[in-house]
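Report on the following structure.
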Amino acid sequence: MKQKREDIRNIAIIAHVDHGKTTLVDELLKQSGVFRENQEVAERVMDSNDIERERGITILSKNTAVMYKNTKINIIDTPGHADFGGEVERVLKMVNGVVLVVDAFEGAMPQTKFVLKKALELKLPVIVCVNKIDRPEARPDEVVDEVLELFLELDADDSQLDCPFVFASAKTGIASMDADQPGTSMEPLFETILDYIPAPEGDPELGTQVLISTIDYNEYVGRIGVGKVDNGTIKVNQEVVICNHHEPDKQLKVKVSKLYEFDGLNKVEVKEAGIGSIVAISGIADIHIGDTLCSPDNVEPIPFQKISEPTIAMQFMVNDSPLAGQEGKFVTSRHLRDRLFRELNTDVSLRVEETDQADCFKVSGRGELHLSVLIENMRREGFEFAVSKAEVLYKTDEKGHKLEPMELAYIDVPNEFSGAVIEKLGQRKGELRNMGSISGGTYTRLEFSIPARGLIGYRGEFMTDTKGNGILNTVFDGYGEYKGDIQYRKLGSLIAFEAGEAITYGLYNAQERGTLFIGPGEKVYSGMVVGQTGRSEDIEINVCKKKQLTNTRSSSADEALRLTPPKILSLEQALDFIDTDELLEVTPENLRIRKKILDPTLRKRAGFKK
């Protein structure tokens with residue numbers, strides 16, 4: 001007999017990037033009394049790793065739980081970036097409803113559409129929370145209409161269309177049911193969750209069934225599977241069978257050694273858990289996302305959608321430059337291999353393949369941001385390696401046509417910059433689908449269909465073209481026919497042709513040729529890229545050149561040489577800048593761009609062969 005578990009609600013908070021999901025979860029935690037009165041609480045407490053804190057984005061979905069009126073509300077904070085869509089898709093299997101957070105000024109954005117579509121496909125009830133109503137330019141009523149239009153566009157059924165709207169300001173910790181009447185606390189949102197999100201149901205008499213939706217990893221206990229108890233109960237020391245909907249042959253007998261439930265930000269050990277509970281299970285080495293834990297007498301896997309395929313790949317290889325091994329702690333191919341395969345423990349949308357070279361691995365992910373976060377994490381851990389330019393993954397259809405991943409790009413720019421953006425994206429094979437004015441006619445919203453490779457290296461250029469005022473959002477739009485060749489970079493590189501240390505005199509003469517990436521005193525080697533030229537072809541220069549001292553003095557000889565400050569590239573800018581014949585050398589201390597072939601003579605020969 002199916003029963004409802006009235007003392008539990010399971011919800012996921014979904015939204016576009018920067019619409020305030022994590023801040024909202026902060027307030028729900030604070031107002032439910034998770035923290036002591038005098039406890040010091042960090043902002044965006046759910047963003048636990050350094051990169052999430054620095055960039056202000058959520059990368060990994062996280063679980064927490066709050067108590068409200070004797071009901072335990074399990075909350076999952078999800079990422080908003082398209083590159084981490086794999087996290088959102090699978091988390092939705094754990095919950096019975098979602099809170100869709102929408103910015104009261106920006107309205108429904110591409111990622112809002114992506115995450116909402118996934119929730120509606122699973123027939124989950126939706127509460128819409130219009131956040132940031134305290135912004136001076138907020139337009140809550142128009143945003144409500146936009147969201148309802150989006151529901152219609154995504155074929156929502158009548159019960160989903162009849163969803164409640166809550167107006168909140170997560171920053172000040174208030175919510176209300178009426179945009180014109182600001183509330184005093186988050187109580188209206190808590191009440192709406194209790195009233196509108198159904199309680200989880202299952203059959204406590206049946207055999208155990210727990211679907212694993214996320215994997216956590218801990219150096220001490222290994223893999224930790226997180227999932228919801230669908231039927232029966234799960235106990236410590238219970239024997240269970242691991243099975244998988246997509247792999248009918250997989251059946252492994254294992255023992256549950258430790259069981260946890262979530263309470264606030266902590267995991268609390270429990271002896272057993274019943275239907276509807278979200279639990280973490282440790283002690284099972286071979287547990288993967290999509291696996292179901294069943295009791296041995298009733299082995300029945302729960303269906304689970306396949307995670308979306310990666311669309312972009314990079315080569316990760318051992319660093320073989322003349323400066324190799326001087327700055328990193330982990331430099332060998334064994335270190336690199338172990339670290340990349342370890343990442344697969346927690347990241348399902350990543351793929352790592354060995355190549356025909358022992359020291360080179362092909363790593364595929366969902367986008368540039370996805371891979372750059374992995375590179376940054378490895379760099380901070382002390383790894384030293386080199387990566388190639390990102391390339392998209394092509395497919396072929398039944399007729400043998402070449403297909404490539406396509407993206408929908410939504411761009412908001414001040415009117416005076418729209419011409420430059422349209423021209424640039426046109427050169428990158430983008431097709432303008434829609435154009436309209438927003439924000440009272442001062443901004444233009446453009447909608448493009450563009451190949452994923454057309455966006456590689458474009459973000460930096462876009463910020464320059466719009467003087468930092470443009471907003472660019474993209475969402476994956478399936479595979480389309482190959483659109484032809486794209487020329488990524490019109491300008492060549494300045495290449496050092498001598499190893500040594502950069503000298504002011506040499507740099508002074510080099511800076512007339514283009515923009516420099518290095519300053520005096522930096523180590524360089526032959527074949528290293530030290531700047532960008534204003535021309536289309538590469539130029540070799542000597543930045544280690546010293547001034548020859550003579551005993552003749554002239555009036556201008558002793559004037560100080562003035563150098564223009566070098567352009568220091570961030571990791572993303574460097575990944576955007578490198579061309580197909582270049583590599584990015586990544587060490588804990590430096591990022592260096594270099595040619596794949598360091599020797600100038602061999603490089604010229606390879607160029608002629610092309």
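We're numbering straight along the sequence, starting at 1.
- In terms of heavy-atom proximity, Q573 sits nearest to L569 at OE1-CA, 3.5 Å.
- The minimum heavy-atom distance linking M314 with S388 is given by the pair CG-O, 3.7 Å.
- Here R594 pairs with D320 in a salt bridge; the nearest charged N to carboxylate O distance falls below 4.0 Å.
- Side-chain contact between K595 and L583 is absent, with no heavy-atom pair separated by less than 4.5 Å.
- The distance from the OG1 atom of T355 to the CZ atom of F361 is 7.0 Å, given to the nearest 0.5 Å.
- No side-chain heavy atom of F383 sits less than 4.5 Å from a side-chain heavy atom of K329.
- Taken to the nearest 0.5 Å, the OG atom of S321 stands 8.0 Å off from the CD atom of Q326.
- Stacking of K402 on the aromatic ring of Y482 is recorded, both the 6.0 Å distance cut-off and the 45° axial limit being met.
- Summarising the geometry, atom CG belonging to D359 is positioned 10.5 Å from atom OG1 belonging to T332; distances are rounded to the nearest 0.5 Å.
- Looking at T587 and E327, their side chains do bring a donor and an acceptor atom within 3.5 Å of each other.
- With L591 as reference, L571 is the one residue of L575, I568, L571 to meet the side chain to side chain contact (heavy atoms under 4.5 Å, CB included) rule.
- Nearest heavy atoms, L494 versus T515: CD1-O, 4.2 Å.
- Using a cut-off of 4.0 Å between Lys/Arg side-chain N and Asp/Glu carboxylate O, K483 and E404 are scored as not salt-bridged.
- The pair E391-K389 fails the salt-bridge criterion, with no side-chain N (NZ, NE, NH1 or NH2) lying under 4.0 Å from an Asp/Glu carboxylate O.
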Derivation of the side-chain contact (heavy atoms from CB on, under 4.5 Å) call for L584 and R592: CA-CA 6 Å; L584 176 64; R592 298 186 188 96; 6.0 Å; no

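- Residue S282 comes nearest to S257 through the heavy atom pair O-OG, 3.0 Å, listed as atom of the first residue, atom of the second, then distance.
- Judged by distance alone, the side chain of E353 and the main-chain N or O of K362 form no donor-acceptor pair under 3.5 Å.
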M94 and N10: CA distance, side-chain angles, deciding distance, side-chain contact (heavy atoms from CB on, under 4.5 Å) verdict: CA-CA 7 Å; M94 266 198 279; N10 296 325; over 6 Å; no

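- Within the 4.5 Å cutoff, the side chain of L211 has no heavy atoms near those of the L293 side chain.
- Across all their heavy atoms, A280 and V226 have their closest contact at CB-CG2, 4.2 Å.
- For the pair L455 and I450, the minimum side-chain heavy-atom distance is below 4.5 Å.
- Side chain of E582 to backbone of D579: a donor-acceptor contact under 3.5 angstrom is found.
- Ring centroids of F577 and F517 are separated by less than 6.0 Å, placing the two rings close together.
- Between the CZ atom in R339 and the CZ atom in F330 there is a gap of 10.0 Å [rounded to 0.5 Å].
- Formation of a donor-acceptor pair under 3.5 Å by the E498 side chain with backbone atoms of Y525 is not found in this model.
- With a 4.5 Å cut-off on side-chain heavy atoms, P405 and P451 do not count as touching.
- Taking the six-membered ring for Trp and the full ring otherwise, the centers of F385 and F316 sit less than 6.0 Å from each other.
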Steps toward side-chain contact (heavy atoms from CB on, under 4.5 Å) verdict (K424, D465): CA-CA 9 Å; K424 283 273 170 74; D465 290 347; 2.9 Å; yes

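- A heavy-atom distance below 4.5 Å is found between the side chains of C544 and V524.
- Atoms CG and CD, from L516 and E522 in turn, are 10.5 Å apart once rounded to the nearest 0.5 Å.
- S364 approaches L371 most closely through the heavy-atom pair C-CD2, 4.3 Å.
- Taking a cutoff of 4.0 Å between a charged side-chain nitrogen and a carboxylate oxygen, R603 and E540 qualify as a salt bridge.
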Derivation and outcome, side-chain contact (heavy atoms from CB on, under 4.5 Å), residues L507 and V530: CA-CA 10 Å; L507 291 170; V530 294; over 6 Å; no

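- Here the CG-CD1 distance, from N74 to I11, works out to 9.0 Å after rounding to the nearest 0.5 Å.
- With contacts defined as side-chain heavy-atom distances shorter than 4.5 Å, the pair L563/Q511 qualifies.
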Worked check of side chain to side chain donor-acceptor pair (under 3.5 Å) between Q532 and S493: CA-CA 4 Å; Q532 180 176 21; S493 302; over 6 Å; no

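- Environment of NZ in K258: sparse, with no more than 12 heavy atoms of neighbouring residues, nucleotides or ligands closer than 6.0 Å.
- No side-chain heavy atom of V210 sits less than 4.5 Å from a side-chain heavy atom of K228.
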